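See structure below.
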2 protein chains.
Amino acid sequence: MANYRHIDTEKARRFCERIFRSYGFTEEESQTITDVLIRADLYGIESHGMQRLIRYHNEIGSGFVDVRAKPEIVHETGISAVIDARKWAGQLAAVQGMKLAIAKARSAGCGMVSVRNSNHYGIAGYYSGMAVEADLLGICMTNSEAISVPTFSREAMIGSNPIAVAMPADPVPFSYDAATTVVSRGKLEVYNKNGKALPDQWALDAGGNPSANAAEVLHNIVRKLGGGIAPLGGAGELNGGHKGYGLGLIVDIFTAVFSGGLNSNHVSVTPGLNGICHYFMALDYGLFGDKQAIKARLSTFLRELRESKKAEGRERVYTHGEKEVEMMAARLNGQIPVNEKTLEEMRAIAAGQRVDWEF
Amino acid sequence: MANYRHIDTEKARRFCERIFRSYGFTEEESQTITDVLIRADLYGIESHGMQRLIRYHNEIGSGFVDVRAKPEIVHETGISAVIDARKWAGQLAAVQGMKLAIAKARSAGCGMVSVRNSNHYGIAGYYSGMAVEADLLGICMTNSEAISVPTFSREAMIGSNPIAVAMPADPVPFSYDAATTVVSRGKLEVYNKNGKALPDQWALDAGGNPSANAAEVLHNIVRKLGGGIAPLGGAGELNGGHKGYGLGLIVDIFTAVFSGGLNSNHVSVTPGLNGICHYFMALDYGLFGDKQAIKARLSTFLRELRESKKAEGRERVYTHGEKEVEMMAARLNGQIPVNEKTLEEMRAIAAGQRVDWEF
């Protein structure tokens, strides 16, 4: 198990902003990208937090991310749009996409925006949360480079393809954000950094058989040597692996098929092009009646779930988003634990970018 | 393992139609309900086919299903509606709901219909398939009586809550239709009829611990004694059970929270009232550009998935809906295998309803 060091949250934020400024992003853009990144660490989602800095650093350096891209709306109706992000930073394309979806939902009840030629956008829950702040239901999806092996295949063909759905509720909004694979690639990266063996059902080797070796699986994914991560439900059909496979496929429909971008199996294949695709939906739940009454019904249902009888040995049943809200409350004006290896990567980035290192 | 007898498909269809006529449904209504039921058997989804006749029979007899109900649209906008089904047969309420969603999608690009106070509607894929026939993308959801245990709970709080998504493609449409639990309750019923032990990860006993006993789990579900079926991803968080739990919860938002009906944990609790809720969405994928080009992109992606390298020992990678189309082609002008126990139940129903028995 690797060591963790706690660093001041606001200091971490200012550091990341300076790093992104150093690549040529504007101050506002740097703040937006950093806000998404730090939010992951605040939520306790280490895999999508600052440990991803090295990846963004490399992708900006090698031309995958175009710092000065000018995205274009290539198709639009009153309730829908397609945006070509032209290799802009994923976080910026995503914020633009969800803002457009929210604007359409405010005027027409519903807005659906499919985005092509983008990059990794971090935690999907950040953008569905934007809809919640606008008192709407929000849905986000993204595809990614192929890491997930379809049922009975031995070839990674589909991305981690997370789905996020969020809706206002009291006292805590509902916020679901999860890969359609058993785990995200980020979690394999954390296991690899910590030198831990993978649990059963998480990953497959080059022949399509179970593997506990995170390093090998990650290596094979990058070089397309076969195998990868199992869909939600595991390998085969017995425990519903074909369901997770189908959910990942559906994400590719809304993101890549709709936008005319690259499906997961073509993402990050061409040098200098990730071509990741997203989908954003904002829905005014007032389309179905009185908003206060609908929100109250959701709040009641979530409370009933939390108050349901606990399994033997368990003390709490969560609803989705609760853990993250509690974790953020503790960390927002405090500290974030960062893996020592991540800190080493950050220090090296700072040196290369001539940004002060204060940790 | 129980014995199966093959019966003529058209004879089975006419038999079911006569049974539903005998309850007082009109000829057209009887044909619709039967078409949904037989379609499940044609697709090879035995759990939702004629083996469900006994359940519908009992629910009509005990007043859960009101044969002469007049459903009402209680809220409506250009792209949305809420229907109170007033205890009508689930299949009839569902066909009405999807027809309304399709009409709205044709005029406004998108139609979303949430339905309350309905009953079991059979296979969700039947209704998403209606959207495909109209050259639209279709989404269906339904809640059900609580059978699924939230992560760290020992109380069934959420239904099997299947999600169906279908979209036109060549040569075979994409058609996903799956419970958000590891398996549907119908599959437990089939295991129970066949006297087979349940695989690991499928079900939980009254204390929230794993159980292989289908009869006991089904008994506990009906009497609300604790335990039930695990969400997709299994018990606990390790393999993503919290994801399946969240997906089931989302289905309850679109169906019950939106419609003002009963959430899964309140379904089938009041004598004579199931109160099941559905959701139907039809989406004109032309909202995102040229329909032929979009459909062609999906067809290509599905082909690439089917042509991906096979796992060791496997000969074929399927896309969702393929198996069902092939099975239906074989059975449509042929025969359907029916469990002897199901045939016994059907014979008893026929005797009680004074319908000729010809099998």
Side-chain angles (χ1 to χ4, degrees), chain A residues 75 77 79-80 82 109-110 112 114 150-155 157 165 167 174 176 178 182-183 199 201 207-209 226 232-234 238-240 243-244 246 249-250 252-253 257-260 263 265 285 287-289 293-294 297-298 301 304-305 308-312 314 316-320, chain B residues 75 77 79-80 82 109-110 112 114 150-155 157 165 167 174 176 178 182-183 199 201 207-209 226 232-234 238-240 243-244 246 249-250 252-253 257-260 263 265 285 287-289 293-294 297-298 301 304-305 308-312 314 316-320:
Chain A
H75 188 90
T77 77
I79 57 172
S80 67
V82 174
C110 164
M112 296 171 277
S114 193
T151 309
F152 303 149
S153 175
R154 64 182 168 92
E155 201 174 349
M157 294 292 290
V165 179
M167 181 167 155
F174 173 74
Y176 176 91
V182 172
V183 287
Q201 297 201 26
N209 304 304
L232 178 60
L238 186 69
N239 295 319
K243 300 182 184 185
L249 201 169
I250 289 164
D252 252 282
I253 292 177
V257 170
F258 280 0
S259 73
N263 280 106
N265 56 324
Y285 54 93
L287 288 173
F288 301 96
I294 291 173
R297 288 200 292 268
L298 176 57
F301 181 51
E304 290 173 347
L305 291 167
S308 68
K309 290 174 198 146
K310 312 302 176 280
E312 286 171 12
R314 294 291 177 179
R316 191 165 165 187
V317 172
Y318 293 89
T319 54
H320 303 76
Chain B
H75 187 90
T77 77
I79 57 171
S80 67
V82 174
C110 165
M112 296 171 276
S114 194
T151 309
F152 303 149
S153 175
R154 63 180 167 94
E155 201 174 350
M157 293 292 290
V165 178
M167 181 168 155
F174 172 74
Y176 176 91
V182 173
V183 287
Q201 298 199 27
N209 304 304
L232 178 60
L238 186 70
N239 294 319
K243 301 182 183 184
L249 202 169
I250 289 165
D252 252 283
I253 292 177
V257 171
F258 280 0
S259 72
N263 279 107
N265 57 324
Y285 54 93
L287 288 174
F288 301 95
I294 291 173
R297 288 200 292 269
L298 176 57
F301 182 50
E304 289 172 347
L305 291 167
S308 68
K309 291 174 198 146
K310 312 302 176 279
E312 287 170 10
R314 294 290 177 179
R316 191 164 167 188
V317 172
Y318 292 90
T319 53
H320 304 75

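Every value quoted in this text rests on a predicted model; they were computed, and no experiment measured them. Per chain, numbering begins at 1; letters A, B, ... match sequence-line order.
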> Can you check whether B:Lys309's main-chain N or O pairs, donor with acceptor, with A:Ser153's side chain at less than 3.5 Å?
Replying inline: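 A pair under 3.5 Å: yes.
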> Taking the side chain from A:Ser308 and the backbone from B:Glu155, do they hold a donor-acceptor pair closer than 3.5 Å?
Replying inline: no
Given a strict heavy-atom distance threshold of 4.5 Å, which part of [X] is in contact with chain B: side chain, backbone, both, or neither?
X: A:Leu298; value: both
X: A:Asn239; value: both
X: A:Ile253; value: side chain

> A:Ser259 and B:Arg297: which non-hydrogen atoms are nearest, and at how many Å?
Replying inline: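 Closest approach of A:Ser259 to B:Arg297: C-NH2, 4.1 Å.
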> Do you know the tightest heavy-atom contact between A:Ile79 and B:Cys110?
Replying inline: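 Taking every non-hydrogen atom into account, CD1-CB, 3.7 Å.
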>> Quick check: do A:Leu249 and B:Phe301 have side-chain heavy atoms less than 4.5 Å from each other?
In response: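 Yes, their side chains come closer than 4.5 Å.
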> Are any non-hydrogen side-chain atoms of A:Val257 and B:Phe288 less than 4.5 angstrom apart?
Replying inline: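 When only atoms from C-beta onward are counted, B:Phe288 and A:Val257 do not touch, as no gap falls below 4.5 Å.
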With chain A, which of [options] has the greatest number of heavy-atom pairs at distances under 4.5 Å?
options: B:Met157, B:Arg316, B:Met167, B:Lys243; value: B:Lys243
options: B:Asp252, B:Leu305, B:Thr319, B:Val82; value: B:Leu305
options: B:Pro150, B:Gly240, B:Gly289; value: B:Gly289
options: B:Leu232, B:Thr77, B:Val183, B:Val165; value: B:Leu232

> Looking at residues at least two apart in the chain, or sitting in another chain, which of them share a ring pair (Phe, Tyr, Trp, His ring centres under 6.0 Å) with A:Tyr176?
Replying inline: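 With neighbours one apart ignored, the set is A:His320.
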> For the residue pair B:Phe152 and A:Tyr318, does the interplanar ring angle fall in the parallel (under 30°), tilted (30 to 60°) or perpendicular (over 60°) class?
Replying inline: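 Perpendicular: the ring planes of B:Phe152 and A:Tyr318 meet at over 60°.
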>> Quick one, B:Phe258 with A:Leu287, criterion side chain to side chain contact (heavy atoms under 4.5 Å, CB included). Give me CA distance, side-chain angles, the key distance, then yes/no.
In response: CA-CA 9 Å; B:Phe258 280 0; A:Leu287 288 173; over 6 Å; no
